[in-house]
Every structure is written in C-alpha cells, then in structure tokens.
Amino acid sequence: MLKALVVLLWPVGIAVILAVTALATKRAARRPVPAAVSANGHHASEAPGARSVRSSIVGMLLILIVGAVAVYALTCLLGVLIVHQGAHIDKPIYDWMSQHRVHSWKSVMNRLTKTGDTWTTWGAGVAAAVCLTAFYRKNKWLPPVAMGAAIVIDHYMTQALRHTFHRIGPPDSPLGTFPSGGCDRILVIYGLIAYLIWREASGRKPVAIWAAGAVAAVAFNEAYSRQYLTLHWTTDIISGIIYGCLILGVFIATIRLVVGPAQAPATQLPVSQPGSALPVDIDGQRTPTLQ
C-alpha cells in the first residue's frame with residue numbers, strides 16, 4: 001500500500017502543479033494589463049539610440065558576476081545549516097525510501113531523471129540559443145550570451161560549492177551532492193529557455209504563468225526521481241531547488257535591467273490625420289459619421 005502511494009505521488013504532484021497554474025492563469029486573465037504603446041504604434045520602451053551591443057554585453061556580464069557572488073554567499077550559509085543538521089532529516093527518509101521502491105517504477109524514474117543530466121541540459125541550452133538567435137527580431141546577442149553565461153556560471157559555481165563543503169552523498173551516489181545539480185540545472189537552463197521564448201513570442205502574463213508552471217513540473221519530476229532513486233539526500237534536493245531559483249532570478253532580473261522588461265505584442269491603433277474630423281478605419285479610409 002505504501003509503495004503504491006509513493007508511486008502515486010508523482011502524478012499527483014504534477015497534477016497539483018498544473019491545477020495551480022491553470023487557476024493562477026485564470027485569475028491573471030481577469031486583470032489584463034495593456035501594453036504601453038506610443039502614438040505611432042510602437043512600444044514606449046523602444047527608445048531610439050539604444051546602447052551599443054558591446055556595452056550591453058559587458059554590463060550584463062558584470063551584473064551577473066555580482067549576482068553570482070551573492071548567490072554563492074547565500075548558498076554557503078544554507079550549506080552550513082545542511083551539513084550540520086541535514087543528517088537528522090536525510091537518513092530516516094533514505095532508509096524509508098529504500099524499503100518502499102517498486103522495481104518497475106524505478107526503471108521509469110531512471111529514464112525520467114536524465115532530463116537533469118549535465119549534457120542533456122547543456123545540449124538543450126545550446127540548441128535553444130541557436131534557434132532563438134535566429135528567431136529574435138532585435139537583440140540577437142541576448143540568447144547566446146545569456147545561455148552561455150548560465151551554463152558557465154552554474155557549472156563552476158556548483159563545483160566551487162562542492163569543493164567548499166565536500167559533503168558525502170547517500171550510499172547509492174556517494175560523490176558530493178550539495179546542492180543537487182540536476183534540480184539546479186533544470187531550473188536554470190530550462191527556466192531561462194522558457195523566459196527567453198516567452199519574452200520574444202508573447203510577453204503576456206498568462207503565458208508567463210503557464211511557462212513557469214511547465215518548468216515547475218519538470219523540476220518536480222527531477223526532484224522526485226532523484227529522491228526515489230536515492231541519488232541525493234533530501235536536503236540536497238531542496239537546496240538544489242532553492243539554489244536554482246536564485247540563479248534564475250538573477251538572470252531574469254539582469255536581462256530586465258539591461259534590455260528592459262518584456263512587452264506584450266501591441267495592436268496598432270488607428271490614428272486620424274491632423275485636421276480631419278472623420279475617424280479612420282483600419283484600412284486607412286475615412287468613414288463618415290452618422291448624423
């Protein structure tokens with residue numbers, strides 16, 4: 001019975017995330033926020049004479065480095081707590097999970113957990129950067145620079161954290177696991193891909209909520225599978241989620257600061273000609289008013 005409940009936790013968790021996402025989207029749709037449009041139909045944030053590409057890239061990288069240092073410091077504080085107190089939580093959960101696994105479901109999880117593997121996420125990030133570079137109408141430098149920086153910063157900062165703490169993992173995966181790299185990479189790489197796609201293709205809040213829900217579902221799958229397979233301690237999985245959210249937050253905030261917030265596509269409004277008393281329809285023709 002308990003084994004069945006543990007298996008059911010995966011579909012129930014995914015269903016809960018999707019249900020919450022649908023509810024949040026429905027509530028957001030009731031309060032639409034119109035895009036800022038200037039008189040000529042362009043976004044108000046699109047000012048002429050934008051900064052050069054070189055200065056934008058340099059500025060973004062500098063801000064990301066500062067943000068990465070801050071995230072590293074916060075994660076170190078979390079690591080001190082986990083190393084000293086985590087065993088009280090981790091070992092009972094590990095023993096219980098080891099006794100309640102189903103062989104067939106374990107085989108399924110062995111496949112699903114690969115979505116967070118290093119080369120899988122890096123391949124997805126590189127492919128997305130190439131495709132988005134061709135898709136972006138402006139700021140074509142943004143996808144490759146952001147994705148490349150995400151891969152490099154996430155990888156080397158995670159290695160630095162593991163060299164800092166040298167925490168031994170569970171018997172099934174004894175190498176150092178603080179924080180969980182799989183959970184972290186899922187949020188950083190797939191979350192950044194979702195944000196970059198949403199930024200260019202939509203910019204609308206309901207779509208952003210669905211994108212966040214999809215990334216959350218994939219992250220839950222990774223956390224569940226790593227826990228089910230006992231590849232990480234529970235506190236390392238939770239730490240990886242927090243760590244990944246912090247890095248993703250730094251990247252999104254940096255992109256908004258350097259490039260500007262995303263804008264929803266605006267429909268150009270008809271503008272009447274100066275001195276004209278008649279309204280203009282969408283074809284540019286004057287339409288007589290009824291007397």
Output a table of donor-acceptor pairs, distance under 3.5 Å, between side-chain atoms of residues 62-83 and any protein atom two or more places apart or on a different chain; print 'none' if there are none.
{"residue": "Tyr72", "atom": "OH", "partner": "Thr164", "partner atom": "OG1", "Å": "2.8"}
{"residue": "Thr75", "atom": "OG1", "partner": "Val71", "partner atom": "O", "Å": "2.7"}

Query - Spacing of OG1 belonging to Thr115 relative to CG belonging to Asn221, to within rounding of 0.5 Å - result: 5.0 Å
Requested in this report: Using the test side chain to side chain donor-acceptor pair (under 3.5 Å), find all partners of Arg101 that sit at least two apart in sequence or belong to another chain.
Outcome: Thr230
Report task. Locate the shortest heavy-atom distance separating Ile17 from Gly213; write the atom from each residue and the value. Result -> CG2-O, 3.6 Å
**Report entry** Between CZ on residue Arg204 and OG1 on residue Thr25, distance to nearest 0.5 Å
**Finding:** 14.0 Å
Query raised in the report: Hey, what do you get for OG (Ser225) to CZ (Arg111), rounding to the nearest 0.5 Å?
Result: 13.5 Å
Query raised in the report: Below 4.5 Å, heavy atoms only, C-beta onward: do Met60 and Trp141 meet side chain to side chain?
Result: yes
Query raised in the report: Going through the checks in order, is the side-chain contact (heavy atoms from CB on, under 4.5 Å) test met by Gln227 and His232?
Result: CA-CA 6 Å; Gln227 178 66 79; His232 295 297; over 6 Å; no
Query - Nearest heavy atoms of Leu231 and Ser173, plus distance in Å - result: O-CB, 3.2 Å
Query raised in the report: Nearest 0.5 Å, what's the OH-CG distance between Tyr228 and Asn110?
Result: 10.5 Å
Requested in this report: Determine yes or no for a side-chain-to-main-chain donor-acceptor pair under 3.5 angstrom, with Arg185 supplying the side chain and Ile151 the backbone.
Outcome: no
**Report entry** Side chain proximity check, Met147 to Ile193, heavy atoms < 4.5 angstrom
**Finding:** yes
Report task. Would you sort out whether Arg199 and Leu142 count as a side-chain contact (heavy atoms from CB on, under 4.5 Å), showing the intermediate values? Result -> CA-CA 11 Å; Arg199 180 183 177 88; Leu142 180 58; 4.1 Å; yes
Query raised in the report: Looking at Lys106 and Asp172, does any basic side-chain N land under 4.0 Å from a carboxylate oxygen?
Result: no
Report summary line: CZ of Arg27 to NZ of Lys205, rounded to nearest 0.5 Å, is 9.5 Å
Query raised in the report: For the hydrophobic clusters of this structure (ILVMFWY residues joined by side-chain heavy atoms under 4.5 Å, transitively), does one cluster hold both Trp119 and Leu187?
Result: no
Query raised in the report: Looking at residues at least two apart in the chain, or sitting in another chain, which of them share a side chain to side chain donor-acceptor pair (under 3.5 Å) with Thr21?
Result: none
Report summary line: Note: with side-chain heavy atoms under 4.5 Å as the link, the other cluster members for Ile89 come out as Ile93
Query raised in the report: Is the backbone of Tyr94 close enough, under 3.5 Å, to the side chain of Ser98 for a donor and an acceptor to pair up by distance?
Result: yes
Give every donor-acceptor pair under 3.5 Å between a side-chain atom in residues 236-253 and any protein atom, sequence neighbours left out.
{"residue": "Asp236", "atom": "OD1", "partner": "Arg167", "partner atom": "NH1", "Å": "2.6"}
{"residue": "Asp236", "atom": "OD2", "partner": "Arg167", "partner atom": "NH1", "Å": "3.2"}
{"residue": "Asp236", "atom": "OD2", "partner": "Thr177", "partner atom": "OG1", "Å": "2.6"}
{"residue": "Ser239", "atom": "OG", "partner": "Thr235", "partner atom": "O", "Å": "2.7"}
{"residue": "Tyr243", "atom": "OH", "partner": "Thr158", "partner atom": "N", "Å": "3.3"}
{"residue": "Tyr243", "atom": "OH", "partner": "Thr158", "partner atom": "OG1", "Å": "3.1"}

Query raised in the report: Under 4.5 Å between side-chain heavy atoms, hopping through other hydrophobics if needed: is there a path connecting Ile209 to Leu18?
Result: no
Query raised in the report: Hey, is NZ on Lys114 packed in by over 12 heavy atoms from elsewhere, all under 6.0 Å?
Result: no
Query raised in the report: How many angstroms lie between atom NE2 of His100 and atom CG of Asp95, to the nearest 0.5 angstrom?
Result: 11.0 Å
**Report entry** Test item: side-chain donor near acceptor, Ser107 and Ser104, under 3.5 Å
**Finding:** no
Report summary line: Nearest heavy-atom contact between Thr113 and Asp117 is O-OD1, 3.8 Å
Requested in this report: Using a 4.5 Å cut-off on heavy atoms from C-beta on, say whether the side chain of His155 contacts that of Trp122.
Outcome: yes
Query raised in the report: Under the 4.5 Å side-chain heavy-atom rule for ILVMFWY, direct or indirect, which residues accompany Tyr156?
Result: Val152
Query raised in the report: Run the side-chain contact (heavy atoms from CB on, under 4.5 Å) check on Ile255 and Tyr195 step by step: do they pass?
Result: CA-CA 10 Å; Ile255 292 172; Tyr195 175 74; 4.0 Å; yes
Requested in this report: Would you sort out whether Glu200 and Phe135 count as a side-chain contact (heavy atoms from CB on, under 4.5 Å), showing the intermediate values?
Outcome: CA-CA 8 Å; Glu200 181 68 13; Phe135 178 68; 3.5 Å; yes
Requested in this report: Spell out, yes or no, whether Ile186 and Val188 are grouped together once hydrophobic residues are joined by side-chain heavy atoms under 4.5 Å, including indirect joins.
Outcome: yes
Report task. Following the transitive rule for hydrophobic clusters with a side-chain heavy-atom cut-off under 4.5 Å over Ile, Leu, Val, Met, Phe, Trp and Tyr, establish whether Trp96 and Trp10 coincide in one cluster. Result -> yes
Query raised in the report: Looking at Tyr190 and Val215, what are the two nearest heavy atoms and their distance?
Result: O-CG2, 3.9 Å
Report summary line: On a heavy-atom basis, the closest approach of Ile14 and Ala217 is CD1-O, 3.5 Å
Report task. Please confirm whether the backbone N or O of Ala129 pairs with a side-chain atom of Thr133, one donor and one acceptor, at under 3.5 Å? Result -> yes
Query raised in the report: Which atom pair, heavy atoms only, marks the closest approach of Gln99 to Lys3?
Result: O-CE, 3.7 Å
Query raised in the report: Do the side chain of Lys26 and the main chain of Ala22 share a donor and acceptor less than 3.5 angstrom apart?
Result: no
Query raised in the report: In the single-linkage hydrophobic clustering (I, L, V, M, F, W, Y; side-chain heavy atoms under 4.5 Å), do Ile57 and Leu257 co-cluster?
Result: yes
